[in-house]
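For reference, positions follow the sequence shown, starting with 1.
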Amino acid sequence: MKAVIQRVKRASVTVNGESTRSIGKGLMILLGVQDTDDLNICEKLAKKCAELRIFEDEQGKLNLSAQELGLSALVVSNFTLYADTKKGRRPSFVRAAKPPLADGAYERFVEELRKTGLHDVQTGEFGADMQIDLVNDGPVTIVIETDDWK
């Protein structure tokens, strides 16, 4: 799995041009699932995201987590995180997981993230057309690839 985590002042996602879900200060997480991923990694990845110390303490150091501060998260599935651009100009997405693995892993990750004690966890909708609006704070953007944990 791959997660792109952004520290945000606010974020929202509009799904299919209708339903909008939003958070205030917290984490914007784009989540990609690879065709070789195992659902058992979801708990560890969710915990890692919630506990990342990317928020400033009183001294201005990145020492606090969204979990510690009781902040929120917005999670959006994003298969394009597994784009392969080695050949040509058109990306290949053969490494991106397909349903039911992809949507199952996305749902499981969200479920595990909700267990971490974050204030609120909002989501996009798997496979839907979505527009994201956010204010990146810092900017702070972290990429986690679970393949690196092996």
Side-chain angles (χ1 to χ4, degrees), residues 1-56 62 65-67 69 71-116 118-150:
M1 297 180 108
K2 189 181 291 191
V4 176
I5 302 119
Q6 295 178 298
R7 184 178 79 178
V8 297
K9 290 188 177 191
R10 64 175 165 75
S12 64
V13 62
T14 302
V15 179
N16 294 325
E18 298 173 4
S19 171
T20 300
R21 295 126 193 204
S22 62
I23 62 166
K25 185 176 180 178
L27 304 173
M28 172 70 220
I29 303 171
L30 299 175
L31 184 71
V33 182
Q34 188 172 211
D35 58 359
T36 57
D37 282 334
D38 184 331
L39 293 181
N40 292 325
I41 200 71
C42 293
E43 181 180 4
K44 182 177 179 180
L45 180 58
K47 187 174 179 191
K48 176 68 92 175
C49 291
E51 294 178 355
L52 271 178
R53 297 184 335 177
I54 60 173
F55 293 89
E56 295 165 348
L62 298 182
S65 70
Q67 181 185 52
L69 295 171
L71 301 178
S72 301
L74 174 60
V75 183
V76 173
S77 62
N78 190 330
F79 76 93
T80 63
L81 292 178
Y82 279 104
D84 182 349
T85 59
K86 288 181 211 149
K87 293 182 183 177
R89 297 178 297 154
R90 182 172 183 235
S92 169
F93 301 104
V94 296
R95 291 179 36 215
K98 314 243 181 322
L101 173 60
D103 56 341
Y106 173 71
E107 294 297 331
R108 174 84 178 270
F109 173 81
V110 169
E111 177 185 318
E112 295 297 337
L113 192 62
R114 286 185 169 132
K115 292 178 185 176
T116 66
L118 291 176
H119 169 70
D120 183 29
V121 176
Q122 293 291 317
T123 64
E125 187 176 311
F126 184 86
D129 178 51
M130 296 177 278
Q131 287 71 50
I132 297 169
D133 181 41
L134 64 91
V135 176
N136 193 324
D137 185 13
V140 173
T141 302
I142 308 292
V143 178
I144 297 175
E145 295 190 54
T146 59
D147 279 354
D148 294 345
W149 298 347
K150 295 178 183 173

**Student:** Are any of the side-chain heavy atoms of Thr141 and Gln6 separated by less than 4.5 Å?
**Tutor:** yes

**Student:** About how many Å separate NZ of Lys44 and OG1 of Thr146, when rounded to the nearest 0.5 Å?
**Tutor:** 9.0 Å

**Student:** Working to the nearest 0.5 angstrom, can you tell me the gap between Glu43 CD and Glu111 CD?
**Tutor:** 10.0 Å

**Student:** Go through the structure and list residues passing side chain to side chain contact (heavy atoms under 4.5 Å, CB included) with Lys9, not counting sequence neighbours.
**Tutor:** Val135, Asp137

**Student:** Which distance, rounded to the nearest 0.5 Å, do you find between the CD1 of Ile54 and the CD of Glu56?
**Tutor:** 10.5 Å

**Student:** Measuring from atom CZ of Arg108 to atom CG of Asp37, what distance do you get when rounded to the nearest 0.5 angstrom?
**Tutor:** 12.5 Å

**Student:** Evaluate the side-chain proximity of Thr123 to Arg114: yes if any heavy-atom separation is below 4.5 Å, no if none is.
**Tutor:** yes

**Student:** Counting distance only, does the side-chain N/O of Ser72 pair as donor-acceptor with the main-chain N or O of Gly26 below 3.5 Å?
**Tutor:** no

**Student:** Got a sec, which pairs hit ring-ring contact (aromatic ring centres under 6.0 Å, His included) with one end in residues 118-150, sequence neighbours left out?
**Tutor:** none

**Student:** For residues Ala3 and Leu31, report the shortest heavy-atom separation together with the two atoms involved.
**Tutor:** CB-CD1, 4.3 Å

**Student:** Nearest 0.5 Å please: distance from the CE atom of Met28 over to the CD1 atom of Ile132.
**Tutor:** 4.0 Å

**Student:** In the structure I gave you, are the side-chain heavy atoms of Met130 and Ser77 within less than 4.5 Å of one another anywhere?
**Tutor:** yes

**Student:** Measure across Ser22 and Asp120 and return the closest heavy-atom pair with its distance rounded to 0.1 Å.
**Tutor:** O-OD2, 4.5 Å

**Student:** Identify the two heavy atoms, one from Gly32 and one from Leu81, that lie closest to each other, and give their separation to 0.1 Å.
**Tutor:** N-CD1, 3.5 Å

**Student:** State, to 0.1 Å, how close Ala102 and Val33 come at their nearest heavy-atom pair, and which atoms those are.
**Tutor:** O-CG2, 3.9 Å

**Student:** So which atom in Thr116 and which in Ala46 form the shortest heavy-atom distance, rounded to 0.1 Å?
**Tutor:** CG2-O, 4.1 Å

**Student:** Do any N or O atoms from the side chain of Asn136 and from the backbone of Val140 form a donor-acceptor pair under 3.5 angstrom?
**Tutor:** yes

**Student:** Can you tell me if NZ on Lys86 sees more than 12 non-hydrogen neighbours from other groups inside 6.0 Å?
**Tutor:** no

**Student:** Would a 4.5 Å heavy-atom cut-off, applied to side chains only, mark Asp84 and Val94 as touching?
**Tutor:** no

**Student:** Is there any ring-ring contact (aromatic ring centres under 6.0 Å, His included) pair reaching into residues 80-107, and which pairs are they, with sequence neighbours excluded?
**Tutor:** Phe79-Phe93

**Student:** Who are the side chain to side chain contact (heavy atoms under 4.5 Å, CB included) partners of Asp38, not counting sequence neighbours?
**Tutor:** Asn40

**Student:** Rounded at 0.5 Å granularity, tell me how far CG in Leu134 sits from CG in Leu74.
**Tutor:** 8.5 Å

**Student:** Side chains of Val8 and Ile23: does their closest heavy-atom pair fall under 4.5 Å?
**Tutor:** yes

**Student:** Restricting to non-hydrogen atoms, name the atom on Gly17 and the atom on Gln131 that form the minimum distance, rounded to 0.1 Å.
**Tutor:** N-OE1, 4.4 Å

**Student:** Quick one: are Val4 and Asn78 in side-chain contact, heavy atoms under 4.5 Å?
**Tutor:** no

**Student:** Using side-chain heavy atoms (C-beta onward) and a distance below 4.5 Å, is Leu52 in contact with Leu27?
**Tutor:** no

**Student:** Looking at residues at least two apart in the chain, or sitting in another chain, which of them share a salt bridge (charged side-chain N to carboxylate O under 4.0 Å, His left out) with Glu145?
**Tutor:** Lys2

**Student:** Can you name the side chain to side chain contact (heavy atoms under 4.5 Å, CB included) partners of Glu125, sequence neighbours left out?
**Tutor:** Val15, Asn16, Arg21, Ala128

**Student:** Hey, mind stepping through Thr20 and Asp133 against side chain to side chain contact (heavy atoms under 4.5 Å, CB included) and telling me if it holds?
**Tutor:** CA-CA 10 Å; Thr20 300; Asp133 181 41; over 6 Å; no

**Student:** So Phe109 and Ile29, do their side chains get closer than 4.5 Å, heavy atoms only?
**Tutor:** yes

